[in-house]
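Working notes, structure below.
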2 protein chains.
Amino acid sequence: MFDPVCPSPLVPFRVGDKWAALILRCLQDGPRRFSELKVPLRGVTAKSLTQSLRRLERDGFVVREEYEGAERRVEYALTPLGLGLLGPLDAACEWTREHWDELIDAREAGLSGAADL
Amino acid sequence: MFDPVCPSPLVPFRVGDKWAALILRCLQDGPRRFSELKVPLRGVTAKSLTQSLRRLERDGFVVREEYEGAERRVEYALTPLGLGLLGPLDAACEWTREHWDELIDAREAGLSGAADL
DNA sequence: AGGGCTGGTTTCCGATCGGATACCGCCTTA
DNA sequence: TAAGGCGGTATCCGATCGGAAACCAGCCCT
């Protein structure tokens, strides 16, 4: 999941910061713990993950719930607002999948003669 | 159009860089000249505009056409791919409009107690 | 000859982004 | 008592983003 070799920088859409969209996807099937998020989000550092989660929380897309008990347990879950965000996000993802070949071709064509950028 | 006082940083979606989405919108009703883009995109500097346009061109969303003649004339137009991009973009915009109040409320609530970020 | 418009480029700079690394308190288990 | 997992923080750093300002060539008009 979320292979770092995947050329996702090609995707023309973004939701929030670098990891936000992936976090939302990870949470769409239910709450996840901090460490359960780190696994699928390959390569994310604790700092970046915390930062993204704090922002998603501040913006009302995610709630942080700390359970008290013997073992420490913190779970993150989507709010209704965050769940709704998945709609347009899915639309964008689907469009990207449908036009993937065109995106690749266009960029490769546009790349010849534009070394930098 | 595109009032700088508009709190658009609240919008959770992004397409490309800061000006890309606005440029696409400006082009949706037909080609526009460089200087015709600068007007509605209030506050954009020539550098930023050029940069965004070059990227959009490289990625195959926009074409640059230079007309020869007495007066200098350069026009930018959407490609079919760029036109298609407006679909999911519109979906995202509409979602944002529908949930605007929730977005505001959520951020205001989330802001109390989170000074920075 | 000078000034203006068009479509940029160049340089500089501060702000932000995000990775690397080290460290932390708390709790459980061996 | 030490080791290890959990859920982070703190600090540093290089890369990128994007605005400000200056400058430019080519062409027009006066």
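Per chain, numbering begins at 1; letters A, B, ... match sequence-line order. This is a predicted model, so every value here is computed, not measured.
- What separates CZ of B:Arg33 from P of C:dT6 is a distance of 7 Å, to the nearest Å.
- Across all non-hydrogen atoms, the minimal contact from A:Pro88 to A:Gly84 is CD-O, 3.3 Å.
- In this structure, CD of A:Glu66 is placed 10 Å from C1' of D:dG8, rounded to the nearest angstrom.
- When side chains are defined from C-beta on, A:Leu86 counts as touching A:Leu89, because their heavy atoms get closer than 4.5 Å.
- Shown here for B:Trp19 and B:Ser48, the closest heavy-atom pair between the two residues is NE1-CB, 3.9 Å.
- With respect to the salt-bridge test (charged N to carboxylate O, under 4.0 angstrom), the residues A:Asp17 and B:Arg14 do not qualify.
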Between the protein and nucleotides 23-30 of chain C, list the N/O to N/O atom pairs that are separated by less than 3.5 angstrom.
| residue | atom | partner | partner atom | Å |
| --- | --- | --- | --- | --- |
| C:dC27 | O3' | A:Ala70 | O | 2.9 |

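- The phosphate of D:dG7 has OP1 or OP2 within less than 4.0 Å of a side-chain N or O from A:Ser35.
- Rounded to an integer number of Å, the gap from CG of B:Leu53 to P of C:dT9 is 10 Å.
- In this view, B:Ser35 and B:Arg33 satisfy the side chain to side chain contact (heavy atoms under 4.5 Å, CB included) rule, not counting sequence neighbours.
- In terms of heavy-atom proximity, B:Trp95 sits nearest to A:Leu81 at CZ2-O, 3.7 Å.
- Straight-line distance from the OH atom of B:Tyr67 to the C1' atom of C:dG7: 15 Å, rounded to whole Å.
- Counting to the nearest Å, the C1' atom of C:dG7 and the CD atom of B:Glu57 are 14 Å from each other.
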Subject >> Heavy-atom protein contacts under 4.0 Å, nucleotides 10-18 of chain C, coded B base, S sugar-phosphate only, - none >> reply: BBB----SB
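- Smallest separation of non-hydrogen atoms from A:Thr96 and A:Pro12: OG1-CD, 4.2 Å.
- Atom CZ in A:Arg42 sits roughly 15 Å away from atom P in C:dG19 (whole-Å rounding).
- As a whole-Å value, the separation of B:Phe34 CZ from C:dC5 C1' is 13 Å.
- A close approach under 4.0 Å does occur between a side-chain nitrogen or oxygen of A:Tyr76 and OP1 or OP2 of D:dG8.
- Rounded to an integer number of Å, the gap from B:Arg73 CZ to C:dC5 P is 17 Å.
- Remark: A:Arg54 is in phosphate contact with D:dG8, judged by side-chain N or O atoms under 4.0 Å from OP1 or OP2.
- Nearest heavy-atom pair across A:Pro31 and A:Glu75 is CB-OE1, 3.6 Å.
- Summarising the geometry of A:Val15 relative to A:Ala20, their closest heavy-atom pair is O-CB, 3.2 Å, with the distance given to 0.1 Å.
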